[in-house]
Protein chains: 2
Amino acid sequence: MYSTTEENYLKTIYKLQIQLGTFINTNAIADGVNTKAASVTDMMKKLSEKKLLSYEKYKGVKLTEKGKMVAIETLRKHRLWETFLHNQLGFTWDAVHDIAEQLEHIQSNELVEKLDAFLGFPTHDPHGDPIPGRNGVIKESDFILLSLLKKGEKGVISGVVNHSSLFLQHLEKNKLTLGKSITITEVSSFDLSVKALLDGKEKIQLSNEVVKNILIKKLI
Amino acid sequence: MYSTTEENYLKTIYKLQIQLGTFINTNAIADGVNTKAASVTDMMKKLSEKKLLSYEKYKGVKLTEKGKMVAIETLRKHRLWETFLHNQLGFTWDAVHDIAEQLEHIQSNELVEKLDAFLGFPTHDPHGDPIPGRNGVIKESDFILLSLLKKGEKGVISGVVNHSSLFLQHLEKNKLTLGKSITITEVSSFDLSVKALLDGKEKIQLSNEVVKNILIKKLI
DNA sequence: AAATATTTTTAGACTACTCTAAAAATAGTA
DNA sequence: TACTATTTTTAGAGTAGTCTAAAAATATTT
């Protein structure tokens, strides 16, 4: 239906829209799809022709409902594949993204649905990002930043803000994986680093850089 | 490393080489990759440049060792994915091919190896075709045509010769799937159709068109 | 508001792959 | 062997996507 390239543009614009809320400018898109501004302009004309987004010269773009659906469907496929790669094949947290980038463009509705069922209809991918449903609905999650927890409070690791390999590898090396519980025992007022209890037993220390990039589900 | 298109050309030429044994001519390739002869000529020059095959004008082509390895690796991926689609996701026999055509081009050695392990290092795909090993070695199978069985002889369905959807759907509808046993009870000398026992209990009748396209492992 | 900096668009060209139509080579036949 | 048919190759052009360099529009600074 749509080419790999088109899907990548739409997905990138969708993410930028969520992040920035407004009309998306050419350079941001060029950055996102790893190309030059001139190429973006060309593609914007093409996607606009196809009614996937509205484009006005020098004013940026905005996805149409149709474009948004394509973007979400691509995101759904990406996150289902990431889940498969991590949960079934045992890929590490940081390795799944690049392969899922390729797999998300495989065309077959039946495949997506069967994969979803095979995985047990997961609601979140290995990074804690919500997996859109078949209808395109994305469930809002009530995850908050670990850095918001106060001394004595407790939460379960449920996602990350920073998706870089470097950060994910760091987390994996320190056993800070999805599902682990964290109880804050002390917050330094100097550098905002925290001391905490991992899974109620192991004492750990986390820099602010780390805690402000981890999402947790707060336990009362 | 190599583009989807290049891999498809190499895979097609490899299959033709096995089938025909000799130098492969332009039209046969054009047929196999669904394009025109002129396009094939262009591509042969390109693949020849890259030392993936040897090409002499008007004389046809032959894969080099390098080209053969790429073809076999692609075939390996194709058949592993077919196995995944059938065994894990529950796709029917005839539906797996088209999706595997796409999946075989995903680039990641780690993915192939992990998938192989996940599937339990299968030796044959859902059509009974052998899956090349990591080293590129393809185990010869001792399957023979069902049509070669004589009255009273018995075998286990292990593969197909004809891979068309129509034939595969026909087999599936008649429960003639991999692993089922067949005992020949009668062979008509008129139309070469056979009467047989499916799994030792159900009486069935099969046309010659069917029996000459089924591969079985003969039981003594 | 003018000058400067930045962003975006246009123009023209390149790569990978494709095609049609015509020319060249090979194969088959009388 | 000469004629015809078939196959293959060349030539020229198209599509999707990309790029650089220059022009045009917008934003920022003074």
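Because only heavy atoms are used, hydrogens play no part in the values below, and waters and symmetry mates are left out as well, while side chains stay in. Every chain is numbered from 1 and lettered A, B, ... according to where its sequence line falls, protein lines coming before strand lines.
- We find that CZ of A/Phe23 is positioned 14 Å from P of C/dT8, with the value rounded to whole Å.
- Contact check, B/Asn25 against D/dT8: a side-chain N or O comes under 4.0 Å of OP1 or OP2.
- Put simply, CG on B/Leu119 and CZ on B/Phe84 are 7.5 Å apart, with the number rounded to the nearest 0.5 Å.
- For the OP1/OP2 pair of C/dT10 and a distance below 4.0 Å, the side-chain nitrogens and oxygens of A/Lys45 include at least one atom meeting the criterion.
- Look at CD on A/Glu49: it is 15 Å from C1' on D/dA16, rounded to the nearest Å.
- In this structure, the CD atom of B/Glu56 is 11 Å from the P atom of C/dT26, given to the nearest Å.
- Between B/Asp31 atom CG and D/dT6 atom P there is a gap of 16 Å when expressed in whole angstrom units.
- Taking the ring centroids of B/His97 and B/His163, they lie at or beyond the 6.0 Å cut-off.
- Between C/dT7, D/dT20, D/dT10, one nucleotide has an atom nearer to the side chain of B/Ala38 than all others, and that is D/dT10.
- You'll find that the side chain of A/Lys36 is closest to D/dC19, out of C/dT18, C/dT20, D/dC19.
- By the 4.5 Å heavy-atom criterion applied to side chains, A/Val40 and A/Tyr9 are counted as neighbours.
- Listed pair A/Thr41 / C/dT9 meets the phosphate criterion, a side-chain N or O lying under 4.0 Å from OP1 or OP2.
- Between A/Thr26 and C/dT9, a side-chain N or O to OP1/OP2 separation shorter than 4.0 Å is present.
- Counting only heavy atoms from C-beta on, B/Asp42 has its side chain closest to C/dT18 among D/dT7, C/dT9, C/dT18.
- Residue A/Tyr58 places its side chain closer to C/dT8 than to any other of C/dT8, D/dT20, C/dA24.
- Ion pairing of A/Glu172 with A/Lys180 is absent here, as no side-chain N (NZ or NE/NH1/NH2) approaches a carboxylate O to less than 4.0 Å.
- Taking only side-chain atoms of B/Thr35, from C-beta outward, the nucleotide of C/dT9, C/dT18, D/dT10 with the closest atom is C/dT18.
- Distance NZ (A/Lys57) to P (D/dA27): 15 Å, rounded to an integer number of Å.
- Across all strands, A/Ser39 comes closer than 4.0 Å to base atoms (heavy-atom distances).
- Salt-bridge annotation for B/Lys11 and B/Glu7: absent, with no side-chain N of the basic residue lying under 4.0 Å from a carboxylate O of the acidic one.
- In this entry the distance linking CD1 of B/Ile24 with C1' of D/dT7 reads 15 Å, nearest Å.
- What separates CE of A/Met43 from C1' of D/dT18 is a distance of 10 Å, to the nearest Å.
- Atom CG of B/Asn27 and atom C1' of D/dA5 are 13 Å apart (whole Å).
- Distances shown here put every side-chain N or O of A/Tyr9 at or beyond 4.0 Å from the OP1 or OP2 atom of D/dA16.
- Look at B/Tyr2 and you won't find any side-chain N or O under 4.0 angstrom from OP1 or OP2 of C/dA16.
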